[in-house]
**Student:** 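Sharing a structure with you now.
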Amino acid sequence: MGVLVEICACSAADVLESENGGAHRVELCSALKLGGLTPSAGTISECRKLTQLRIMVMIRPRSGGFAYSDSELASMERDIDIAGELGADGFVFGILRPDGTVDPVKNQRLVKRAGDLPKVFHRAFDFTPNPIEALEAIVDLGMTRLLTSGQRPYSPDGAELIRNLIERAGTRLEVMPGGGVRSHNIAELVRKTGCRQVHLSASKPYLDPSLKANRLISFGSGSATTDDYVEMIDQDVVAAIVLEANKL
């Protein structure tokens, strides 16, 4: 049967690389260095035309936390409408209160907006102060799936909590590890957690050749040697982890 592999993609090229590598599903976002933000309507539309893979669209209006204002929430609702009209197969979102707990009211508005399509609570969960209470709140919202690293920087380090979450959720909610999943550690992660699906980027850094003439300038806040690189999916990396996942 194997373990389902979901790839975090940021472009049509990423989606095609994911599909060619044998991925089973993609999460589509922008600004991967910021943890993933809502992709453009054009990107969603182009990806939908090019692949039969299920596309889960990130609904996150900004970086820097998950306690959103009313106007940001309204933007998220409209983004769900637009993504749904363009063929999204589901949505990825998560809203916290200022104290880090799951916001039931604002999340419920997005759940309602998403209708019958799958709904994934993303790694905002990893910032919650009480993961068990957060899990139950997410279950009560009627979410489909939870993406988590087990409240650690990398999911292999959070395996104990992930296993606890999977066991507690049972059939009520899918729990999917993400963060630091690689072909060399997926078998151990599955063994330790009991998960049946994983999430990763499977990417490599790429520098657009148009930037090579002047490396003194950067459009980010850091150095020109790092900030202007983009992460792009490598189908060989995808294929390597799919190969290992199919053995499990």
Side-chain angles (χ1 to χ4, degrees), residues 6 8 10 27-40 56-84 88 90-115 117-155 157-169 172-180 199 201 220-222 227:
E6 176 181 276
C8 185
C10 291
E27 174 193 277
L28 185 63
C29 65
S30 65
L32 189 58
K33 287 183 180 180
L34 300 178
L37 302 178
T38 305
S40 71
M56 306 297 296
V57 174
M58 174 70 76
I59 305 296
R60 186 178 176 219
R62 61 164 170 82
S63 61
F66 307 98
Y68 301 118
S69 67
D70 289 340
S71 61
E72 288 170 329
L73 176 60
S75 295
M76 296 170 81
E77 289 178 307
R78 183 61 185 128
D79 282 335
I80 287 177
D81 292 343
I82 293 169
F91 309 100
V92 184
F93 56 83
I95 303 177
L96 304 180
R97 296 187 181 108
D99 65 1
T101 59
V102 174
D103 190 319
V105 176
K106 289 184 177 179
N107 280 298
Q108 190 58 55
R109 282 178 56 176
L110 299 187
V111 167
K112 181 178 179 180
R113 205 72 168 214
L117 291 177
K119 297 160 279 286
V120 181
F121 200 96
H122 57 45
R123 290 184 61 193
F125 172 87
D126 291 324
F127 293 87
T128 57
N130 188 317
I132 301 305
E133 288 184 3
L135 174 72
E136 294 301 329
I138 291 166
V139 168
D140 289 344
L141 285 167
M143 303 291 286
T144 307
R145 188 160 51 251
L146 167 64
L147 172 62
T148 178
S149 62
Q151 299 201 327
R152 300 292 294 275
Y154 302 108
S155 55
D157 299 325
E160 183 177 354
L161 176 58
I162 294 170
R163 184 174 191 88
N164 188 9
L165 295 170
I166 289 173
E167 291 175 350
R168 188 177 185 93
R172 300 180 298 160
L173 179 75
E174 300 171 9
V175 177
M176 177 173 62
H199 170 99
S201 63
S221 59
D227 276 4

**Student:** Salt bridge (charged side-chain N to carboxylate O under 4.0 Å, His left out): which pairs involve residues 96-106, sequence neighbours left out?
**Tutor:** Asp70-Lys106

**Student:** I'd like to check Val102 versus Leu141 (side-chain heavy atoms, cut-off strictly below 4.5 Å). Are they in contact?
**Tutor:** yes

**Student:** If you define the side chain from C-beta out and look only at heavy atoms, does anything of Pro118 sit under 4.5 Å from Met56?
**Tutor:** yes

**Student:** Are any non-hydrogen side-chain atoms of Ser30 and Ser40 less than 4.5 angstrom apart?
**Tutor:** no

**Student:** Quick one: ring-ring contact (aromatic ring centres under 6.0 Å, His included) partners of Phe91, sequence neighbours excluded?
**Tutor:** none

**Student:** A side-chain contact here means heavy atoms from C-beta on lying under 4.5 Å apart; do Thr101 and Pro129 qualify?
**Tutor:** yes

**Student:** Kindly give the heavy-atom pair with the smallest separation between Ile95 and Tyr68, and that separation in Å.
**Tutor:** CG1-CD1, 3.6 Å

**Student:** Please name the pair of heavy atoms, one in Ala124 and one in Gly94, separated by the smallest distance, quoted to 0.1 Å.
**Tutor:** CB-O, 4.3 Å

**Student:** Ignoring hydrogens, what is the shortest heavy-atom contact between Phe125 and Ala134? Give both atom names and the distance.
**Tutor:** CE1-CB, 3.6 Å

**Student:** Any non-hydrogen side-chain atom of Asn164 less than 4.5 Å from a side-chain atom of Ile132?
**Tutor:** yes

**Student:** Go through Asp79 and Val57 one step at a time and tell me if the side chain to side chain contact (heavy atoms under 4.5 Å, CB included) criterion holds.
**Tutor:** CA-CA 10 Å; Asp79 282 335; Val57 174; over 6 Å; no

**Student:** Specify the closest pair of heavy atoms between Pro177 and Ser155, including all atoms of both residues, with the distance to one decimal.
**Tutor:** CB-CB, 4.0 Å

**Student:** Locate the shortest heavy-atom distance separating Cys10 from Leu32; write the atom from each residue and the value.
**Tutor:** SG-CB, 3.8 Å

**Student:** For the atom pair CZ (Phe93) and CG (Asn107), what is the distance rounded to the nearest 0.5 Å?
**Tutor:** 6.0 Å

**Student:** Once rounded to the nearest 0.5 Å, what's the spacing between atom CD1 of Ile138 and atom OG1 of Thr128?
**Tutor:** 7.0 Å

**Student:** With distance as the sole test, does Arg109 use its side chain to make a donor-acceptor pair with the main-chain N or O of Glu77 at under 3.5 Å?
**Tutor:** no

**Student:** Mark yes or no for whether Thr144, through its side chain, and Lys119, through its backbone, hold a donor-acceptor pair below 3.5 Å.
**Tutor:** yes

**Student:** Suppose we screen for ring-ring contact (aromatic ring centres under 6.0 Å, His included). Which residues come up paired with His122, at least two apart in sequence or across chains?
**Tutor:** Phe66

**Student:** Using side-chain hydrogen bond (donor to acceptor under 3.5 Å, both in side chains) as the criterion, list what pairs up with Ser69, not counting sequence neighbours.
**Tutor:** Ser71, Glu72

**Student:** Roughly how far, to the nearest 0.5 Å, is OG1 of Thr38 from CE of Met58?
**Tutor:** 8.0 Å

**Student:** What's the separation between atom CE in Met176 and atom CG in Leu147, rounded to the nearest 0.5 Å?
**Tutor:** 4.5 Å

**Student:** Any idea which heavy atoms bring Arg113 and Asp81 closest together, and the distance?
**Tutor:** NH2-OD2, 2.8 Å

**Student:** Say you draw a straight line from CD of Gln151 to CG of Asn130; how long is it, rounded to the nearest 0.5 Å?
**Tutor:** 8.5 Å

**Student:** Is it true that, when you exclude Glu160 itself, more than 12 heavy atoms of the residues, nucleotides or ligands shown sit nearer than 6.0 Å to its CD?
**Tutor:** no

**Student:** Do the non-hydrogen side-chain atoms of Leu73 and Leu110 ever get within less than 4.5 Å of each other?
**Tutor:** yes

**Student:** Filter on salt bridge (charged side-chain N to carboxylate O under 4.0 Å, His left out), then keep only pairs touching residues 124-147, sequence neighbours left out; what's left?
**Tutor:** Arg123-Asp126, Glu136-Arg168, Glu136-Arg172, Arg145-Glu174

**Student:** For Glu27, enumerate each residue passing the side-chain hydrogen bond (donor to acceptor under 3.5 Å, both in side chains) test, keeping only those at least two apart in sequence or located in another chain.
**Tutor:** none

